Amino acid sequence: MDMKSVESKWQAKWEKNKQNVFNKKNADKKWYVLEMFSYPSAANLHVGHWYNYGPTDSYARFKKMQGYEVFQPMGFDSFGLPAENYAIKTGVHPQDSTEKNIATMERQLRNMGAMFDWSAEIITSHEDYYKWTQWLFLQLYKKGLAYRKEALVNWCPSCETVLANEQVIDNKCERCSSQVLRKDMTQWFFKITDYAEELLDDLDTIDWPEKTKLMQKNWIGKSTGCEINFECETGDTITVFTTRPDTVFGVNYIVIAPEHPLVEKLKEAHPEKAEEIEAYVLYAASANDIDRLSTGREKTGVFSGAYATHPLTGKQVPVYLADYVLYSYGTGAVMAVAAHDERDFEFAKKYNLPITQVIQKQGGETVLPFTEDGILVNSGSFDGLFGDEARDAIALHLSKIGKGCKKVNYRLRDWSVSRQRYWGAPIPVVHCEKCGVVPVPEKDLPVKLPYDVEFRPTGKSPLAGHEGFMNCTCPKCGANAKRDPDTLDTFVCSSWYYLRYPESNNEKQAFSKEIADKMLPVDVYVGGSEHACMHLLYARFITKALRDMGYISFSEPFKRLVHQGIILGPDGNRMSKSRGNVVSPDKYVGEYGSDIFRLYLMFGFSYTEGGPWNDDGIKSIAKFVDRVERLVRKSTELPANKAELGKAEKELDYVKNYAVKNITRDVEMFSFNTSLARLMEYVNALQKYDNEVAEKNGAFYKACVEDLIRMLAPFAPHLSEELWEIVGKKTSVFEEDYPVCNEAALVKAETEYAVQVNSKIKTKMMIAEGLSDEEVIELVKANSDVAPLLEGKSIKKAIVVKGRLVNLIVG
RNA sequence: GCCGAAGUGGUGGAAUGGCAGACGCGACGGACUCAAAAUCCGUUGUUGGUGACAACGUGUGGGUUCAAGUCCCACCUUCGGCACCA
């Protein structure tokens, strides 16, 4: 069969019949299947796209044949850094390259033959989409969930530009190799931390991979502890957060992060140290968080010259700056208990600070640093208390004397959404000298991204240099004002797109409550696990925020989540141009067509695992397809005669129903390789029983072949349509129901049991269904292979696993 | 470093704590053919044995269990993420 022409024939028919367009009349039977949309890169569709979209489309088609009204949209996450970098390098405008890439990818995606509803397409860099991204920003602002604060960015002093983490290699700028610095800048943030607790709790309500939920849980990083106040000699209060208030009597020193605001005051208080402190702050600015938190890294720090007063003992403890404390976590200051914390211990050793043991191991020798729970010693009236009891007592005491309180802390940080870049959605606020920050009125959206912008680095955000864009009037007072020169993080665009799809053409609003509540949550969301902590958390946050603003009624955007694996290069490494191991799907699609390539992707890999590319099996899929075609064509030549169903028919029926049952279960689990294995078994059976059955019972055989086509349809959509036509049908096979297992066909009189003696397999036996355990044991004991092994021995225990195995323990 | 995974024949991969290797690829043998291709039928974890069969076998080392690829502990290797790649 010429797959190319078959594929274009059916794609054209589907298009003409609007077969893949969601039918709103059937919305009560909706099934929203969503694949993470892609970034439009310059290259053709990647194996990864095919691997994500092909099998998921088979899942979607399967649900359609189960009677669901499937909504499977597609779009492009088209703002972002790569287009801008490409523009800086080549001079091609990001909009031009992006549009070109989208056109190519769209064409290729159409050729895949997936049932994407293209009428719902969205492109995040188009005005009609980013207008609503800006609207979303304004809603968050109104609700107090968007605010400005200073935050650190990677700054290349030579390029005079902010660098993405990706552009920083070994602390050097990837373009010019200058040392990268961390610089403070005023940026917009979304207050995702307000939702930390709910984001954590609601993980229990969604059907997501456990590992993903665990990663989010750890990312949110809830810890219960205590804030404790130390009075600094400068007159300021240093508040520390600790999960171990039980160790408070062992505090040897205080450490503040080099970015802590108190640093300035400390320099004033101890001018003799100012130079040293400044040098250290500069040094700390050159390291990233990962390095700073690494326990394997040599600890560094500097004494500020100042002391703080211990709230319980009144002792003076030195205040240090050290970069192993992050300003972004907790209060940016810790109480260091060298005896009971590994990093503090290491630091104290290095700087010859005292180490005071205040916890003793229960029953056993205490080796420092001892970080487990233990019995308090050297802790005044708290001596003898243990673990939680000690923590509670000390926290209570601290709050009584006004020196501290219990506190829940999260590792999660607020979401920084400002980007000093061109290719993104402009932030819809105006800065007025008189009125300050003024949001752009909704009726004035979109704040259009101008085309004629100098996007090469100049030391400022690219938009800052565009006067036509920057100069505006204050919506409040009418005076001259300036727009915000920054654009939004692309994660903002992708944090709400699932809401837009069902109403991509709605010009009046981002989405309507009525339709959103009907169409969402997404029933199955499919995408890579690399998004576990960021995109997937942002989307959950935005959903909750919109719910609280009354725009929607549900709390979670994605009811179920599936991660596809990653297809690696043939060498087992991640595909990359620099490694030269990129596999192009074009070659295979050109040679075999979309159906065969998709079948191979489903059959050759475990969907959620992925693995190194290898095309050994692709030919065999082509052979399989040929076999199916021959079998179908041959069946059309048979007379439709009927005869009584014999043993052969029953066996064939068994294999068919077994396949149907397993495929139905496995597709639901995205286990496509085993689904196809069962389908192959059925094809093998059809072929094996071919002559015997077909000749005397043509009607039966034809019905079996029709079921085969129905069963194959979600996996090889074009081929199945063609075969359906070959057997004389005038309608689309996707209007058919997926076959349902007839359980009666699977009932067998006897089952094979594995027989073990002392847990070793000795023989196998066919045993009738419905016997009691005792009857089964008697049959096994009487078996000619088993009986000699039991001679002169007694049975100490007998285990019967119904329908599977018998194990006799003898001695 | 921290968080999260993965490791099974020559190979891709199957196995609700219950017969390890389903279904394929490859290899080997056979049928068809002048021959080849295609197709069809067998065999195929390793070792020993003519054989029935036996022993061993799921990254490494321990453990729990009548029974462990699966559960627990420790370790090794590889992969994903670590907040401005998306």
Side-chain angles (χ1 to χ4, degrees), chain A residues 36-39 41 77 79-82 85 151 153-154 162-168 187 192 209-212 214-219 221 288-297 328 411-421 489-491 493-494 527-535 537-538 563 565-566 568 572-574 600 603-606 608-621 623-624 626-627 630 662 671 673-681 684 687 752-756 758-761 763-764 796-801 803-809:
Chain A
M36 289 181 186
F37 60 172
S38 35
Y39 181 82
S41 60
D77 189 14
F79 273 137
L81 188 63
N85 283 341
V153 294
N154 300 312
V162 175
L163 298 178
N165 288 340
E166 190 191 48
Q167 299 172 293
V168 182
Q187 318 226 50
I192 190 172
E210 283 307 316
K211 65 160 189 168
T212 312
L214 190 55
M215 276 191 273
Q216 285 210 351
K217 186 182 166 207
N218 291 334
W219 185 264
N288 62 40
D289 288 3
I290 295 177
D291 289 341
R292 284 172 61 167
L293 284 175
S294 167
T295 46
R297 182 165 174 262
S328 56
R411 206 188 70 100
L412 181 69
R413 310 206 291 252
D414 278 338
W415 173 14
S416 148
V417 296
S418 296
R419 296 292 180 271
Q420 293 70 44
R421 302 190 194 286
D489 177 13
T490 53
F491 276 127
C493 306
S494 58
S529 62
E530 67 272 19
H531 293 289
C533 293
M534 303 185 70
H535 163 63
L537 197 63
Y538 296 148
H563 294 307
I566 300 170
L568 304 170
N573 290 304
R574 210 184 170 114
Y600 177 61
F603 185 66
F605 303 86
S606 163
T608 53
E609 298 294 322
W613 176 256
N614 142 11
D615 59 11
D616 287 351
I618 195 159
K619 273 204 194 89
S620 69
I621 293 290
K623 275 199 252 175
F624 169 73
D626 278 347
R627 249 170 56 217
R630 279 200 302 275
N662 282 282
S671 178
N673 53 353
T674 53
S675 299
L676 288 174
R678 301 292 87 78
L679 199 60
M680 286 173 178
E681 282 168 354
N684 289 344
Q687 211 162 8
E752 188 181 68
Y753 277 68
V755 177
Q756 299 181 330
N758 286 340
S759 305
K760 293 224 168 197
I761 291 282
T763 189
K764 290 175 185 181
K796 294 184 169 157
K797 195 172 175 181
I799 293 127
V800 179
V801 182
R804 286 183 181 272
L805 155 151
V806 177
N807 188 5
L808 301 178
I809 308 301

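Just so it is clear: chains get the letters A, B, ... in the order the sequence lines come, proteins before strands, and each one is counted from 1. Bear in mind the structure is a predicted one, so any value in this text is a computation, not a measurement.
Looking at which nucleotide of RNA chain B each of A:Gly572 and A:Phe79 is closest to, the 5′-most match is held by A:Gly572. Projected onto RNA chain B by closest heavy-atom contact, A:Asn673 and A:Asn807 fall at different nucleotides, the more 5' of which corresponds to A:Asn673.
Looking at heavy-atom distances under 4.0 Å, A:Gly610 makes contact with sugar-phosphate atoms alone, never a base. Within the nucleic acid shown, A:Ile799 comes within 4.0 Å of at least one base atom, counting heavy atoms only. Base engagement by A:Leu805 is indicated by at least one non-hydrogen atom pair under 4.0 Å involving a base atom. Counting any heavy atom pair closer than 4.0 Å across all strands shown, A:Arg411 reaches a base atom. Using a 4.0 Å heavy-atom criterion, one finds that A:Arg678 contacts the bases of the nucleic acid, with or without backbone contacts as well. Here A:Phe603 lies in heavy-atom contact (under 4.0 Å) with a base. Among the protein residues, A:Asp291 comes within range of no part of the nucleic acid, since none of its heavy atoms lies under 4.0 Å from any strand. Within 4.0 Å of A:Ser418, counting heavy atoms only, lies at least one base atom of the nucleic acid. Across all strands shown, A:Val162 has heavy atoms under 4.0 Å from base atoms, whether or not it also approaches the sugar-phosphate. At the heavy-atom level, A:Lys760 lies under 4.0 Å from the strands shown only through sugar-phosphate atoms.
For the residue pair A:Arg627 / A:Asn684, a side-chain donor-acceptor distance below 3.5 Å is found, with atom types taken as modelled.
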- Query: Can you give the dot-bracket line for RNA chain B, where a pair is Watson-Crick or G-U wobble with both atom distances under 3.5 Å, crossing pairs use [ ], and | marks a partner on another strand?
  - Reply: (((((((..(((.....[....)))((((((.......))))))((((....))))..(((((..]....))))))))))))....
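Protein atom NE2 of A:His531 is 17 Å distant from nucleotide atom C1' of B:rA5, rounded to whole Å.
Side-chain atoms of A:Arg421 and base atoms of B:rC84 include a donor and an acceptor less than 3.5 Å apart.
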